[in-house]
Amino acid sequence: MVPRVPHAALAEAVREGWWRGARGYIADTGPHAGFDAFKVWMLAQLLWEPDRPVAELADDFFTGWYGPAAKPMRRFFARCEEVWLAQPGPPWWIKYYQQQDQVLLLPPAVRAELRALLDEAQRWAVDGGQTAVAGGRLPVDGPRMDDGGRQMADGGGRNDLGVECGNQESGNGERRTVAGGRLPVGGPMKDDGGGQMADGGPMMDDGRWPMADGGGRGPDAESVSQIPGSSPHSSLLTPRYLERISLTSRAFAVTEAAGNFDALRRELAAPATETLSATELGAKLVGWQRARARLRQAVDAATEGEAPALASANIGFLLRNDPVPHLLAVLGRRDRVAPLAALAELTIAGEPVPEHWAALAVAYGKNRLAGATERLANGWFGEAAPGGLHPGFLHPRSGDIPAAWAVRAAPTEQGRVTLGARVLGRRILRVEGAWDTQVTQAQPVQPGQLFVAEVQMRGRSSPGNDAALTLAFVDAAGRLVGEYRTTMLPKGENAWRQLTLADTALAEARYVVVGLVATRQFDGDWLEAAEATLRVAE
C-alpha cells in the first residue's frame, strides 16, 4: 500500500556482503513498476559494480528515466526513503508486510507533499515546469511502450521489470548489466555500434542512457535534453516521461485511498463512536463505504492494463478489520430496531450493505438474540488444561492454559500465555511477548445459522501489533469457507472493551472457529481476554 524505499540500506547491504566475500545474491521480488523501478535497476548495477555510489546511480537513473522531470521525481523517492527510515518502533524483516498499520507511515500532510511532487514532475515533463497540465493530475492510462520502451503506434505494448542479471554488450565490447537481462523499461535503444537506431532513438554513451550532455539526434533533429532547466527537450519523448510518472502516480493513488479508508475505520473503532445515534452512525458508514469504493477503484486502475503500476494488490488485510458489528450490537442493546435504521442510511445513499451487517441488524430487529444458544465450552476460562503449553521447554514462562481451547504459540524469548487467578469461577487469559499466538475453539455448525462471537479484551497494542477477535468457517477438510473476519483492539492503551463479530454459515461450512489472536507484540504490549461467547441466533 505504501512505497517501501530503503535504497541506501539495500546498497549498503550489497557492498557489505561483497567486502565480506559474498559472491552470490538471491532476491525474491515482484516489483511494483510505480515504486520499484530504481530499486531493482540499482541492485542490478551494484551486483556488477558494488562500489558505485548510490548518488551516482541515482544521477544516472533519474536523469535518463524521467528526463526533465528528474528533480521532482528524485525528491519524491528521497522523501519516501526519509519517511521509511525514520519510522518509529522496533525494526523487523519486511516490516508491516500485509498489515494495516503501514498506512500510518504516511499521514495526510506527507501524502499531500508527495502528491505535489508528482504534479510538479508532470509539469516538468510537459514543458519544463512552465504550465500545469489540464486537470492538474496525470491521466490514469498513459501511453504504452514496447519491450524497448518505445511508444507503439497503436498505443499497445508493455513494460517489463526484473532483477535477474543479464549482460548487454556495448559497441566497444564492454559488457554491462541491466535489470532482467534487458534495458530498463522505456530505456533508449541502440544498434550494435552504439549509434542511432533506425527508429530515431537517441545516441548512447554506454548502451544504457542518453549522453549526459543531452547529445544525440532524435527523429525531429532536435537536441534531446535530459536535465531539468536545460534546453527544451524533444516533444516526442514527453509521452515516455509521462508514462513513467503515471506509473508512480497510479500506484500512489492506492496509497492515498488506503490512508483515507483506514483513517475512517480507526475513527469508527474509537470509543466515542459508541455514543452515536443510528442516523449519525449511518452517515459515518456511508462515508466509509464510499472510501472503500474509492480504494477498490484506485487498485483497479493501478493493476489493470499491460503496464500495471502495481504488480499485485491484495488488500484483504486492509479491509478485514471490521469494527461495525460491535457498533451495531451497541445500538441493538439500546434499541433493537436502531441497527436497521443505521443501515437504512446506506440504502438511502445508494451504498451497498454487507450481508453480515444486515444479518446482525435483522437478528436484533426481530429479537432473535434474546434467547440465543451459547456454543463455546469454557468461554470464561474457568477450567485449565492439564500440563500447560507443550512442549514446556519452548514455553518456560507460560502457565495454565484454558481447557477446550487449542493454544498455538510461536516460541519467543519473552513469550507467555497464562490464566490469572480464579474469581467467581472466571479467569483472565493473558498473552505477552507473542510473535504469533492463537487461542482458538471450533464448534460444529448448520448452514444458514447466524453466529455472533463476542469477547471482553483490554491491553496495549502498538503499531505493528495486532490483538484481535477472529471468526471463520471451515469445511470438513479444514479449508476456509467464505470470509475470514476479524476485529482488533485500537492502537494504544485500552481498558476493558467488548469486541463483536457476526456471520452466517454458508452451505459448505461444517465448523465455526473463534480465535483470540496476538501477533508481533513488542516491549510493553500485552493482551487480556475474558468472557468469550459464541451465540447462535434463534
Side-chain angles (χ1 to χ4, degrees), residues 99 320-322 325-326 374-392 394-423 425-445 451-462 464-474 478 480 484-490 494 496-503 511-522 525-535:
Q99 284 187 266
R320 190 173 294 127
N321 182 11
D322 187 357
H326 171 66
E374 167 60 30
R375 289 293 185 89
L376 287 182
N378 194 29
W380 284 359
F381 310 128
E383 300 177 28
L389 190 56
H390 297 286
L394 289 179
H395 307 280
R397 300 184 72 246
S398 292
D400 287 343
I401 60 174
W405 292 80
V407 181
R408 293 190 306 164
T412 65
E413 185 177 358
Q414 299 298 322
R416 182 169 183 252
V417 182
T418 191
L419 291 172
R422 184 180 286 105
V423 178
R426 307 179 185 183
R427 302 181 75 176
I428 293 174
L429 176 70
R430 185 177 178 93
V431 180
E432 299 173 274
W435 183 254
D436 184 4
T437 295
Q438 302 180 31
V439 182
T440 61
Q441 186 175 142
Q443 292 291 335
V445 303
F451 288 83
V452 181
E454 294 184 306
V455 68
Q456 294 289 329
M457 275 193 182
R458 69 178 178 180
R460 181 184 185 276
S461 181
S462 60
N465 161 236
D466 291 336
L469 168 69
T470 65
L471 180 69
F473 295 98
V474 298
L480 180 67
Y484 173 83
R485 304 204 181 279
T486 183
T487 183
M488 301 180 187
L489 280 181
N494 293 273
W496 285 112
R497 60 181 299 159
Q498 184 169 280
L499 302 184
T500 306
L501 288 172
D503 206 356
Y511 298 92
V512 59
V513 182
V514 176
L516 311 175
V517 177
T519 60
R520 296 171 299 274
Q521 287 182 323
F522 301 104
D525 287 343
W526 56 277
L527 167 66
E528 290 186 342
E531 300 181 17
T533 64
L534 178 67
R535 294 178 293 163

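Nothing fancy with the numbering, it's 1 onward along the sequence.
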What pairs with [X] under salt bridge (charged side-chain N to carboxylate O under 4.0 Å, His left out), at least two apart in sequence or on another chain?
X	result
Asp466	Lys491, Arg520
Arg408	none
Glu383	none

Determine whether a donor-acceptor pair (N or O, by modelled atom type, separation under 3.5 Å) exists between the side chain of [X] and the backbone of [Y].
X	Y	result
Glu374	Leu534	yes
Asp525	Glu432	no
Ser462	Asn465	no
Arg375	Pro444	yes
Thr487	Asn321	no
Asp436	Ala410	no
Thr486	Arg320	no

Would you compute the distance between atom [atom1] of [X] and atom [atom2] of [Y] and round it to the nearest 0.5 angstrom?
X	Y	atom1	atom2	answer
Trp496	Arg458	CH2	CZ	5.0 Å
Arg485	Leu501	CZ	CG	8.5 Å
Glu528	Leu419	CD	CG	11.0 Å
Thr440	Leu471	OG1	CG	12.0 Å

By ring pair (Phe, Tyr, Trp, His ring centres under 6.0 Å) - contacts of Phe522 (at least two apart):
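Ring pair (Phe, Tyr, Trp, His ring centres under 6.0 Å) list for Phe522, sorted by chain: Trp92.
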Contacts of type side-chain contact (heavy atoms from CB on, under 4.5 Å), residue Gln441, not counting sequence neighbours:
Leu376, Ala377, Ala404, Trp405, Gln443
Given Leu489 and Leu469, is the side chain to side chain contact (heavy atoms under 4.5 Å, CB included) satisfied, shown in steps?
CA-CA 9 Å; Leu489 280 181; Leu469 168 69; over 6 Å; no
Glu531 vs Gln456, side chain to side chain donor-acceptor pair (under 3.5 Å): CA-CA, chis, key distance, verdict:
CA-CA 6 Å; Glu531 300 181 17; Gln456 294 289 329; 5.1 Å; no
For residues 395-403, which side-chain N or O atoms pair as donor and acceptor with protein atoms under 3.5 Å away, sequence neighbours left out?
from: Arg397; atom 1: NH1; to: Gln414; atom 2: O; distance (Å): 2.6
from: Ser398; atom 1: OG; to: Val417; atom 2: N; distance (Å): 3.0
from: Asp400; atom 1: OD2; to: Arg427; atom 2: NH2; distance (Å): 3.2

